[in-house]
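The block underneath contains the structure these notes are about, expressed in structure tokens.
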Amino acid sequence: MAEETHIDTRPPEGANPDWTVPQDWSAYSETDHRTWDTLFARQAKLLPGRASQSYLRGLDVLKLSKPGIPDFEELSDRLMALTGWQVVAVPGLVPDDVFFDHMANRRFVAGNFIRRPDQLDYLQEPDVFHDVFGHVPMLADPRFADYLEAYGRGGLRALELGALKQLARLYWYTVEFGLIDEPEGLRIYGSGIVSSYSESTFALDDPSPNRIRFDLERVMRTDYRIDDFQQSYFVIPSFDELLRVTIETDFEPVYERIVGKPDIAIDAILPEDDVITRGTQRYAREKAAEPA
Ligand SMILES: C[C@H](O)[C@H](O)[C@H]1CNc2nc(N)[nH]c(=O)c2N1
Ligand SMILES: N[C@@H](Cc1ccccc1)C(=O)O
Ligand SMILES: [Fe+2]
């Protein structure tokens, strides 16, 4: 999950200087493991035919259907053999530079805590279900594994260039809320969707949100929301194309080109957009009209 982060720069008590902590797998309670199993079962029923082939293959090869919260060491052994990535435990959101440095070194930071049973459908910070069920299966795909490492490097560069906001939008509209156009139809690969029961349906089926073909500059200029369903989703034609456009393009001129241009509203459709769904925005309108 990628949010605006305002974290002080010292790691919490007991954490390493790189903010990692032991996962401490034996400390999980039965309730914790059952919460994972409940969330997993709900998504496992919903995702075939909705999630991208690549995501479903990752879920399978990493044997994530095993009951209980995965042990990061076992998971990392499998993942390392496939794409050189490992999963490291952190106690919560970490500073941007720490986040990017781990990513640039093929270390995926995953929350070591899990939401409470009364928080099944919404939580502010990325917990182990969002991070491991949502993000990790995609890391078994060699192209996506390359993309995220490059993203980490690009993040450290964006910090240098003062372009974090633009780069964070790319992450948000691909890694977190991306859709892909597969031969069988639109599919989900974004972790924020894949780990959400309701958004897994909303993102593909609901007439409310816009669905627009991915364009790098368009995404970098488009605002996003962190508190509710997205009002626009961007659709890539393939992971190869996402890699080609992002890894092969030098972003510095792109950042310079858009620095003077205004942000694009979260529900906007521009004349130059290649539109798949012109959304009704009914969901967002009705939500906004609800009594506080
Ligand atoms: C790109 C931006 O820094 C992003 O919000 C990062 C910040 N820190 C994080 N820290 C953790 N643990 N997980 C995350 O997804 C993020 N996202
Ligand atoms: N090409 C980007 C780096 C990057 C690659 C892949 C994803 C995101 C960013 C840059 O020049 O900064
Ligand atoms: Fe995430």
Side-chain angles (χ1 to χ4, degrees), residues 1-9 11-12 15-16 18-21 23 55 72 87-104 106-113 115 123-139 143-178 188-196 199 214 216-217 219-220 224-226 230 236 239-258:
M1 187 174 295
E3 276 117 33
E4 301 315 311
T5 48
H6 307 289
I7 306 169
D8 65 28
T9 51
N16 298 316
D18 64 3
W19 287 64
T20 56
V21 292
Q23 178 186 12
Y55 174 86
F72 291 4
V87 180
V88 293
V90 290
L93 290 174
V94 305
D96 300 339
D97 58 333
V98 170
F99 181 73
F100 290 130
D101 185 65
H102 280 299
M103 206 167 254
R106 299 211 170 205
R107 291 188 300 267
F108 189 82
V109 295
N112 64 347
F113 63 96
R115 65 196 76 180
L123 80 162
Q124 198 57 42
E125 288 214 354
D127 72 339
V128 65
F129 187 76
H130 169 84
D131 281 329
V132 172
F133 181 88
H135 285 282
V136 171
M138 287 306 300
L139 293 176
R143 298 155 306 172
F144 212 76
D146 289 354
Y147 175 60
L148 273 194
E149 177 191 342
Y151 185 88
R153 298 187 187 296
L156 294 171
R157 185 174 187 229
L159 285 175
E160 298 286 309
L161 299 172
L164 177 66
K165 197 166 119 181
Q166 287 66 31
L167 193 78
R169 287 166 169 168
L170 174 63
Y171 189 87
W172 195 262
Y173 283 117
T174 55
V175 180
E176 291 296 354
F177 290 95
I188 301 161
Y189 71 93
S191 309
I193 310 175
V194 116
S195 59
S196 157
E199 199 156 0
F214 178 88
L216 181 69
E217 219 174 285
V219 162
M220 281 190 173
Y224 57 80
R225 36 186 337 164
I226 63 170
Q230 298 310 308
I236 60 172
F239 294 118
D240 288 319
E241 181 61 12
L242 177 64
L243 235 62
R244 193 189 64 73
V245 165
T246 54
I247 291 187
E248 289 172 19
T249 306
D250 177 356
F251 282 9
E252 188 161 3
V254 184
Y255 294 144
E256 279 159 12
R257 210 165 39 241
I258 60 182

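Only a predicted model underlies this, so the values are computations on that prediction, with no experimental measurement involved. Both counts, for ligands and for their atoms, begin at 1 and track the order of listing.
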Within ligand 2, which atoms have a heavy atom of Leu170 less than 4.0 Å away? 8 (C)
One finds that the ligand 2 atoms under 4.0 Å from a non-hydrogen atom of Asp250 are 11 (O)
Indicate yes or no: does an N/O atom of [X] lie under 3.5 Å from an N/O atom of ligand 1?
{"X": "Gly92", "answer": "yes"}
{"X": "Val94", "answer": "yes"}
{"X": "Asp131", "answer": "no"}

Hey, mind stepping through Asp250 and Arg157 against salt bridge (charged side-chain N to carboxylate O under 4.0 Å, His left out) and telling me if it holds? CA-CA 11 Å; Asp250 177 356; Arg157 185 174 187 229; 2.8 Å; yes
What residue and atom, counting heavy atoms only, is the protein's closest point to [atom], and at what distance?
{"atom": "atom 3 (C) of ligand 2", "result": "Gly154 CA, 3.8 Å"}
{"atom": "atom 9 (C) of ligand 2", "result": "Phe251 CE2, 3.4 Å"}
{"atom": "atom 12 (O) of ligand 2", "result": "Arg157 NH1, 3.2 Å"}

Pair [X] and [Y], ring centroids less than 6.0 Å apart:
{"X": "Phe239", "Y": "Phe144", "answer": "yes"}
{"X": "Tyr173", "Y": "Phe214", "answer": "no"}
{"X": "His135", "Y": "Phe108", "answer": "yes"}

Could you tell me if any non-hydrogen atom of Phe100 lies under 4.0 Å from any atom of ligand 1? yes
Residues Val90 and Trp19: closest non-hydrogen pair is CG1-O, 3.4 Å
Are any of the N/O atoms on [X], whether in the backbone or the side chain, positioned under 3.5 angstrom from an N/O atom of ligand 2?
{"X": "Tyr151", "answer": "no"}
{"X": "Thr246", "answer": "yes"}
{"X": "Ala150", "answer": "no"}

With a 4.0 Å cut-off on N to O distance, would you call Arg106 and Asp146 a salt bridge? yes
Between the side chains of Thr174 and Tyr147, does any donor sit under 3.5 Å from an acceptor? yes
Regarding atom 1 (N) of ligand 2: of the candidates Thr174, Leu148, Thr249, which has the closest heavy atom? Thr249
Side chain proximity check, Leu93 to Phe99, heavy atoms < 4.5 angstrom: no
Considering the heavy atoms of Val90, write down every atom of ligand 1 situated less than 4.0 Å from one of them. 12 (N)
Separation between NZ (Lys165) and CG (Leu170), nearest 0.5 Å, reads 15.0 Å
